[in-house]
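In what follows, a structure is listed as structure tokens, so that the remarks can point back to it.
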Amino acid sequence: MYQKVKGTLDFYDESAIKYRYLESVISKVIKNYGYTEVITPIFENTEIFVRTSGEESDIVTKEMYTFLDKGKRSITLRPEGTAGVVRSFLENKMYANTTLTKLYYFGPMFRYERPQTGRYRQFTQFGVEAFGASSPLLDADVIISAYQIFKSLGIDNLKLKINTIGDFTSRNNYVDVLQDYFRKDIDKLCSDCNNRLEKNPLRILDCKIDSDNPIIKSAPKISDSLTQEAKDYFKEVLKALDYNNINYFVDENLVRGLDYYTDTVFEFIIESDDNLNGLAICGGGKYSDMVKSFGGPDIPGIGYAFGIERVISIMDQKGLFPNLDKAADVVLIALDEESKLYSLNLANKLRMNGYYADIDYFNTTMKQQFKLSDRLNAKFIIIIGEEELANNSLTIKNTKTKEQITIKEYMLLEYLKEKI
RNA sequence: GCGAUCGUGGCGAAGUGGUUAACGCAUUGGAUUGUGGCUCCAACAUUCGUGGGUUCGAUUCCCAUCGGUCGCCCCA
């Protein structure tokens, strides 16, 4: 027996309906913010992910699905969406027509990780990227758009963590300061922190094991390394969020796993009483230099992405999905072979007129066909047998009221139009 | 990459080193051959993730492997 690849999911039936429901709600909201969809390939040349996420990042060092194609090109299944969108933005010179370009994407991402709660090897992200403006107002608006999407889905058990990590130079300065600070006491910290010292010292601040350690608590703050300009910028972002009544808290230890972020970074975290608690459902930030580092013009970008599977989990857990059952409008019950042929034809006429009509393909007993109508939750049942064929009429039964009438076929559409 | 735990029919779920693997739901057939959704009766795992080993004998014990779940790391 074949099994699906480890860490992957089949969506079918109800779960597929939920998946597509999310896509439609989300895209509808984000379009009102002026975003248009960009659909990029699922794989890219490996280099673009290495360049953007950072050679030392976890994603690049251990999580990418990378392979050589038959032309010996190094190809990678995208582990995140931003790099491909930036590449597309540049390659298609989207900046030529407007100063501000707002894009969204929705699709599968791939990371080779150990599966666990809310974590899969193939998962789906929705994300946005806005290029062209370094503006606190835009930063805030991007965050608000994520907030509104969750709100329109009914999700309110989230908290927004936000921080600023400054521009590249102040961040690099801070990294040096931190390394100097931690290096002398590194043997008093956990083994993970020892690894992080050279690779990603910012993450030491976020250590869960040593979080109460005074060495970490009294570590130099990033705010000390920020330029006044960066501080002011962040203040403006917060002001805009305040004005819009967005609840947030500034977490000075919030750093993100990807190298490309600058200034504003944020995450939405799930607050719940089960194992989902504390999971990041949405993460993003500003990246001032990525476009330029790709060899493009000096255009800043900001964006976020969130995981659809995690959203589905939350919504399931909180019962937030509306009733998405599809009920058949009409099930045709045919009692003999000739009626079967006729019902096939009639069903198709109904379908072409916009009704969901179904028939039974094998059984001839009435009971079985009634069961089919139950299963499909049919609103109406049309019974066709010798009598009806002889009189050129149809027997229609309303499954709710049990009311049953006989009419001529040409009256059917008008009848349904009135009743459905 | 590290650690824990689990894997019985479409689903849920009991169970035991020994000739027929409970039960519930679902499904199918019948009671009820032009009117169903209730009820009643019946059928439905030569097999207990896969492979190997121990044993007279394993679904039950051991090993391996694949997968699920849950932690760590990291993240969506």
Side-chain angles (χ1 to χ4, degrees), chain A residues 1-9 12-13 53 56-63 78-82 106-127 146 158 190-196 199-200 202-204 206-209 254-258 267-270 274-284 303-314 331 333-336 339 360 362-378 381-389 395-400 402-404 406:
Chain A
M1 196 59 157
Y2 289 114
Q3 314 178 282
K4 58 187 173 296
V5 171
K6 183 173 177 145
T8 61
L9 247 26
Y12 59 96
D13 203 46
S53 296
E56 294 299 322
S57 67
D58 273 34
I59 283 184
V60 170
T61 54
K62 53 184 206 189
E63 294 173 4
R78 62 184 186 192
E80 56 91 36
T82 302
F106 186 103
M109 305 292 162
F110 305 84
R111 292 186 200 171
Y112 190 83
E113 292 187 277
R114 194 71 176 269
Q116 57 184 261
T117 308
R119 184 153 107 192
Y120 304 95
R121 290 185 171 180
Q122 176 177 332
F123 59 101
T124 310
Q125 280 190 337
F126 161 80
L158 296 178
C190 73
S191 59
D192 286 329
C193 287
N194 275 267
N195 291 331
R196 290 192 271 238
K199 279 178 60 178
N200 194 349
L202 293 172
R203 288 226 77 93
I204 297 179
D206 205 20
C207 181
K208 284 160 194 86
I209 298 167
L254 174 64
V255 296
R256 310 221 62 250
L258 306 170
E267 281 178 2
F268 283 90
I269 308 292
I270 304 170
D274 60 8
N275 56 26
L276 260 29
N277 188 45
L279 262 190
I281 194 181
C282 175
Y304 60 79
F306 59 77
I308 296 304
E309 290 78 3
R310 289 183 181 181
V311 174
I312 291 176
S313 297
I314 295 180
V331 163
I333 290 181
L335 300 174
D336 56 64
S339 304
D360 174 85
F362 343 78
N363 300 307
T364 46
T365 76
M366 206 165 191
K367 179 174 172 176
Q368 289 160 328
Q369 299 188 62
F370 267 108
K371 280 201 165 181
L372 175 69
S373 80
D374 284 341
R375 197 160 47 237
L376 298 180
N377 220 336
I381 291 171
I382 297 179
I383 299 170
I384 302 152
E386 281 180 28
E387 289 173 28
E388 284 79 7
L389 287 186
T395 300
I396 303 180
K397 182 169 182 175
N398 182 323
T399 55
K400 207 167 260 167
K402 307 288 189 284
E403 180 191 6
Q404 184 167 315
T406 300

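With both pairing distances under 3.5 Å, B:U5 is matched to B:G68 as a Watson-Crick or G-U wobble pair. The partner of B:A42 is B:U28, by the rule that a Watson-Crick or G-U pair needs both atom distances under 3.5 Å.
On a pure distance criterion of 3.5 Å, no polar donor-acceptor pair joins the side chain of A:Lys4 and the base of B:G68.
The distance from atom CG of A:Leu279 to atom P of B:G71 is 8 Å, rounded to the nearest whole Å.
For A:Thr365, no side-chain nitrogen or oxygen approaches OP1 or OP2 of B:U33 to under 4.0 Å. Residue A:Thr117 has a polar side-chain atom (N or O) positioned under 4.0 Å from OP1 or OP2 of B:G71.
Proximity note for A:Lys397 (side chain, C-beta onward) versus B:U35, B:G1, B:G34: the nearest is B:U35. Minimum atom distance to the side chain of A:Arg119 is reached by B:C73, of the listed B:G34, B:U27, B:C73. Comparing B:U35, B:C73, B:U27 by their closest approach to the side chain of A:Asp58 singles out B:C73. The side chain of A:Arg111 lies closest to B:A76, out of B:A76, B:G3, B:U35.
Looking at heavy-atom distances under 4.0 Å, A:Ile383 makes contact with a base. Looking at heavy-atom distances under 4.0 Å, A:Gly284 makes no contact with the nucleic acid at all.
The stacking criteria are not both satisfied for A:Phe306 over the base of B:A76, which would need a centre-to-centre distance under 5.5 angstrom and an angle between ring planes under 30 degrees.
Counting heavy atoms from C-beta on, the side chains of A:Phe123 and A:Arg111 come closer than 4.5 Å.
By the 6.0 Å contact criterion, CD on A:Glu386 is open, its count of non-hydrogen atoms from other residues, nucleotides or ligands being 12 or less.
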